[in-house]
Amino acid sequence: MCPKFKQSIINISIMIVYWWTLSGCEIRPKEPPVKPNVAAGQDLKASLSSMNEVQRRRSQQLKNSLAKILVVDKQGMCLELGKHPCIDQVHRVFLGSMDAYNASQYQNPSSASIGSVGALERVVLSACIMRAGMDLLNPSQGVIFKNIKTSIDGRLVEDPAIDESIKTLYRRAFTREPTSSEITHLRNMYEEIYKTEPIAAGRNWMVLSCFSVLTSLEMAFF
């Protein structure tokens with residue numbers, strides 16, 4: 001993995017831990033909804049959090065969301081040792097849910113630990129690898145990376161399908177269009193991946209684009 005992108009993953013992880021710890025993973029007290037007052041030309045995104053209420057996406061919500069976004073099997077998207085479901089068994093508590101039978105955990109954790117970050121990344125990376133592999137096998141029927149073209153040695157071939165795939169990923173994940181800077185960021189990420197290892201750079205870009213978007217704070221909270 002390219003050093004710069006590896007560092008970006010570390011930064012994302014630190015941010016997730018910080019916000020989970022800061023919020024205590026609790027629902028904030030409800031406040032009367034504030035109607036957005038958006039003047040002409042004002043960025044609408046600045047008004048989207050006016051209710052000041054966020055919740056952590058716990059294990060079952062994460063599983064259902066990933067399965068819907070990526071169209072992958074809920075139980076098979078992540079298996080430890082090839083047989084133990086990551087979300088329902090192995091990382092259930094780390095992902096914010098109770099586990100009375102296996103861990104004597106009778107309430108949802110009120111805060112997250114450093115293991116929560118690793119568990120989230122483990123699950124998302126596995127699901128993204130699965131989706132990228134399926135889309136590469138049948139590009140014309142791709143769910144996220146539809147019609148993506150790669151060279152014989154796996155390099156990404158420049159095509160309008162690249163930008164369209166980025167837009168599809170954001171639409172399915174957040175029901176919104178990506179900003180121009182978000183598209184540029186993922187585009188530039190491919191250049192870094194290619195410089196580090198040209199072979200299979202296309203596949204690696206697909207996996208890591210999916211991973212970077214689905215481990216963002218926008219995905220971790222709702």
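Side chains included, hydrogens not; waters and symmetry mates left out as well; all remaining heavy atoms used.
- A donor-acceptor pair under 3.5 Å is absent between the side-chain atoms of Ser126 and the main chain of Val123, judged by distance alone.
- Remark: Arg122 pairs with Glu80 by the salt bridge (charged side-chain N to carboxylate O under 4.0 Å, His left out) rule, at least two apart or across chains.
- The backbone N or O of Gly202 lies less than 3.5 Å from no partner atom in the side chain of Tyr190, so there is not a single donor-acceptor pair.
- Side-chain atoms of Arg172 come within 3.5 Å of backbone atoms of Ile69 as a donor-acceptor pair (strictly under, hydrogens ignored).
- Counting only residues at least two apart or on different chains, the ring pair (Phe, Tyr, Trp, His ring centres under 6.0 Å) pairs with a member in residues 159-184 are Tyr170-Phe174.
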Q.
With side-chain hydrogen bond (donor to acceptor under 3.5 Å, both in side chains) as the criterion, how do Gln75 and Asp88 come out once you've worked through the C-alpha distance, each side chain's angles and the decisive distance to 0.1 Å?
A. CA-CA 8 Å; Gln75 299 302 322; Asp88 291 336; 3.1 Å; yes
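- Using a distance-only test at 3.5 Å, with no hydrogens or angles considered, a donor-acceptor pair links the side chain of Thr196 to the main chain of Glu192.
- Evaluation of the disulfide bond (SG atoms under 2.5 Å apart) test over residues 172-222, restricted to residues two or more places apart or in two chains, returns Cys128-Cys210.
- Of the possible polar contacts, none joining the Trp205 side chain to the Glu191 backbone as a donor-acceptor pair under 3.5 Å is found.
- Judged by distance alone, the side chain of Ser209 and the main-chain N or O of Met206 form no donor-acceptor pair under 3.5 Å.
- Applying the side-chain contact (heavy atoms from CB on, under 4.5 Å) criterion to Asp163, with sequence neighbours excluded, gives Ile166, Ile183, Arg187.
- Taking CE of Met77 as the reference point, atom SG of Cys86 lies at 9.5 Å (rounded to 0.5 Å).
- Evaluation of the side-chain contact (heavy atoms from CB on, under 4.5 Å) rule for Glu164 yields Lys167, Thr168, Arg171 as partners, not counting sequence neighbours.
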Cut-off 3.5 Å, no hydrogens considered: what does the side-chain donor-acceptor table look like for residues 129-141, sequence neighbours left out?
| from | atom 1 | to | atom 2 | distance (Å) |
| --- | --- | --- | --- | --- |
| Arg131 | NE | Asp135 | OD1 | 3.0 |
| Arg131 | NH1 | Leu70 | O | 2.8 |
| Arg131 | NH1 | Val71 | O | 3.0 |
| Arg131 | NH2 | Asp135 | OD1 | 2.9 |
| Asp135 | OD1 | Val143 | N | 3.1 |
| Asp135 | OD2 | Ile144 | N | 3.1 |
| Asp135 | OD2 | Phe145 | N | 2.9 |
| Asn138 | OD1 | Ser140 | OG | 3.2 |

